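Data first, discussion second: the structure below is written as structure tokens.
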Amino acid sequence: MIFDVNFFRSQFPILSEKIYGKQLVYLDNGATTQKPHSVLEKIMDVYERYNSNVHRGVHHLSNITTDLHENARKRVAEHINAISDREVVFTRGTTESINLMAYSFGETYCHEGDEIIVSAMEHHANLVPWQLLCERKKMKLRIAPIDANGCLILPELYKLFNERTKLLSITHVSNVTGIVNPIEEIVNEAHAHHVPVLIDAAQSMPHMIVDVQAIDCDFMAFSGHKMYGPNGIGVLYGRRRFLDEMVPYQSGGAMIDKVTLEKTTFLPAPLRFEAGTPDYVGAIGLAAAIDYIDNIGKESIRDHEKHLTEYALEGLRSIDGVRIIGESENRSSVVSFLVGDAHPYDTGMILDKMGIAVRTGHHCAQPLMTHFGITGTVRASFAIYNTTSDVDALIDGVKRVKTMLCK
Ligand code: PLP
């Protein structure tokens with residue numbers, strides 16, 4: 001497909017909205033992406049023509065939605081190159097996927113004195129559930145350190161592996177700095193110590209080819225809403241030999257094999273982890289989003305976003321007093337920065353008045369903020385529909401912030 005950014009823009013209705021009378025410049029894609037017509041239409045289509053609960057009915061509509069839902073699972077499996085769609089558990093998003101892991105993996109494999117490793121750059125979603133597990137089970141949470149640029153110190157990470165290590169749970173891409181971790185190498189080293197690995201792919205899945213077999217990870221979590229899909233749907237990928245052993249997370253309907261008043265047996269994975277009515281409309285919408293992405297091609301998406309990121313970094317660096325937070329050769333389409341001594345909220349508010357949506361604050365990564373000795377940053381993050389004009393608007397906005405707020 002020819003890469004025509006204006007054509008892509010025309011597929012996202014929200015991008016024609018005006019904010020305070022100005023054209024919306026949406027640079028908050030790391031938080032959530034906008035949705036193309038094809039995804040919105042698919043959701044409408046399900047509600048208008050097929051809506052019916054899945055897995056339970058024998059009637060026509062229920063069979064259609066069940067097929068669409070299970071085909072969506074196959075579509076996800078294909079997209080991440082899982083061996084089987086039975087390795088794909090639908091969840092509400094990355095956060096729920098990691099909570100599922102902290103409960104089900106924790107209850108099945110972890111005991112007092114065991115250890116879990118995370119890194120100092122994690123989103124709270126990949127930190128707090130492990131803190132709670134460690135408290136509950138009297139385990140130890142080990143933290144892989146990062147350097148002054150925000151990059152993992154790999155030899156220090158590798159020193160943390162020992163015979164008590166039960167899992168390494170680590171992000172693929174930092175949501176604050178955009179730094180891409182050398183995930184294949186890390187998984188390789190973990191496996192050399194017989195430690196399984198969970199990858200938080202919330203910030204990588206929308207932007208790069210993520211192949212679970214090539215990476216050789218044991219688990220992976222990601223969210224639909226960050227990859228042009230609906231809100232409230234996400235995925236936990238897991239190897240079957242783990243998923244089939246792990247105790248259920250939530251319980252109730254749809255995940256049982258046989259129930260008596262005394263005892264219950266459970267379905268195999270993935271259904272044993274999907275208690276209650278699943279968000280089948282979300283799953284079908286996610287499959288439509290994957291179709292959308294694959295139709296463009298992740299290489300093209302990555303090239304486009306790389307160009308925008310480099311352009312933004314160059315523009316921001318040319319402004320005296322602007323400080324980029326986090327530096328690495330290998331980065332995704334996220335740029336965090338500070339403008340002189342201006343508070344990130346003030347910067348964000350002024351940009352907002354210009355119609356520019358950026359994220360400000362600690363980005364759910366308070367330990368990383370502490371590491372950098374700051375309370376927050378301004379974060380611009382790019383997607384398929386962003387243009388160099390969007391970046392120009394950001395740079396002009398930052399110059400204005402500087403004039404207004406900095407001495
Ligand atoms: N992990 C990372 C790296 C993220 O960036 C985010 C969201 O920003 C999450 C986890 C949590 O994702 P969700 O809120 O979709 O569950």
Side-chain angles (χ1 to χ4, degrees), residues 26-35 39 76 89-103 118-132 143-144 146 150-152 168-181 183 186 197-208 210 215 217 219-237 249-250 273 279 282-283 285-286 289 305 325-326 328 330-336 357-369 371 376-383:
Y26 187 77
L27 299 177
D28 194 16
N29 297 288
T32 199
T33 52
Q34 302 302 346
K35 322 301 171 199
V39 170
V76 171
V89 179
F90 283 124
T91 63
R92 282 195 298 127
T94 309
T95 304
E96 189 175 57
S97 298
I98 299 174
N99 274 277
L100 189 165
M101 280 294 292
Y103 183 81
V118 297
S119 85
M121 70 166 78
E122 300 306 320
H123 186 285
H124 296 162
N126 194 28
L127 174 64
V128 184
W130 302 116
Q131 289 176 340
L132 293 182
I143 312 291
I146 51 178
C151 297
L152 270 174
L168 165 65
S169 188
I170 194 154
T171 196
H172 195 176
V173 172
S174 162
N175 63 309
V176 175
T177 60
I179 289 172
V180 181
N181 286 324
I183 217 70
I186 292 171
V197 184
L198 162 61
I199 301 196
D200 175 348
Q203 295 293 342
S204 55
M205 193 58 77
H207 308 286
M208 51 181 84
V210 182
I215 294 172
C217 59
F219 301 95
M220 180 173 280
F222 56 96
S223 302
H225 71 98
K226 292 184 195 289
M227 51 190 292
Y228 312 106
N231 291 59
I233 188 78
V235 170
L236 174 69
Y237 156 82
Y249 172 47
Q250 296 182 337
F273 298 108
D279 183 0
L286 173 58
E305 293 175 354
I325 307 298
S328 169
N330 198 0
R331 64 187 305 154
S332 184
S333 52
V334 173
V335 179
S336 261
V358 289
R359 187 129 301 236
T360 58
H362 54 63
H363 314 294
C364 298
Q366 286 182 358
L368 184 56
M369 297 298 120
H371 172 81
T377 76
V378 183
R379 183 185 75 180
S381 47
F382 307 107

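Just so you know, residue 1 is the first one in the sequence shown, and it goes up from there. These numbers were taken from a predicted model, which means no experiment stands behind them. Ligands are counted one by one from 1 in listed order, and the atoms in each one are counted from 1 as well.
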With respect to Glu96, determine whether any N or O atom, backbone or side chain, lies less than 3.5 Å from an N or O atom of ligand 1. no
Between ligand 1 and His225, is the shortest N or O to N or O distance under 3.5 Å? yes
Hey, what do you get for [atom1] ([X]) to [atom2] ([Y]), rounding to the nearest 0.5 Å?
| X | Y | atom1 | atom2 | result |
| --- | --- | --- | --- | --- |
| His225 | Gln34 | NE2 | CD | 12.0 Å |
| Leu236 | Thr91 | CG | OG1 | 7.0 Å |
| Ile233 | Met227 | CD1 | CE | 11.5 Å |

Does the residue His363 have a heavy-atom contact with ligand 1, meaning some pair of atoms that are separated by less than 4.0 Å? no
So is Asn126 in contact with ligand 1, going by heavy-atom distances below 4.0 Å? no
Protein contact to [atom] [nearest heavy atom, distance to 0.1 Å]:
| atom | answer |
| --- | --- |
| atom 5 (O) of ligand 1 | Gln203 NE2, 2.7 Å |
| atom 4 (C) of ligand 1 | His123 CD2, 3.3 Å |
| atom 3 (C) of ligand 1 | Asp200 OD2, 3.5 Å |
| atom 8 (O) of ligand 1 | Lys226 NZ, 2.6 Å |

Applying side chain to side chain donor-acceptor pair (under 3.5 Å), name anything that partners Glu305, two or more places apart in sequence or on another chain. His207, Ser333
Of the options Asp28, Leu27, Thr177, which is the one that meets Arg379 in a side-chain contact (heavy atoms from CB on, under 4.5 Å)? Asp28
Which ligand 1 atoms are under 4.0 Å away from a heavy-atom of Ser223? 12 (O), 13 (P), 15 (O), 16 (O)
Min over Thr95, Thr91, Val173 of heavy-atom distance to atom 14 (O) of ligand 1 lands on Thr95
I would like to know whether Asn126 and Ser169 meet side-chain hydrogen bond (donor to acceptor under 3.5 Å, both in side chains); could you show each step before the answer? CA-CA 7 Å; Asn126 194 28; Ser169 188; 2.6 Å; yes
Check: Ser97 side chain, Gly93 main-chain N or O, donor-acceptor pair, under 3.5 Å: yes
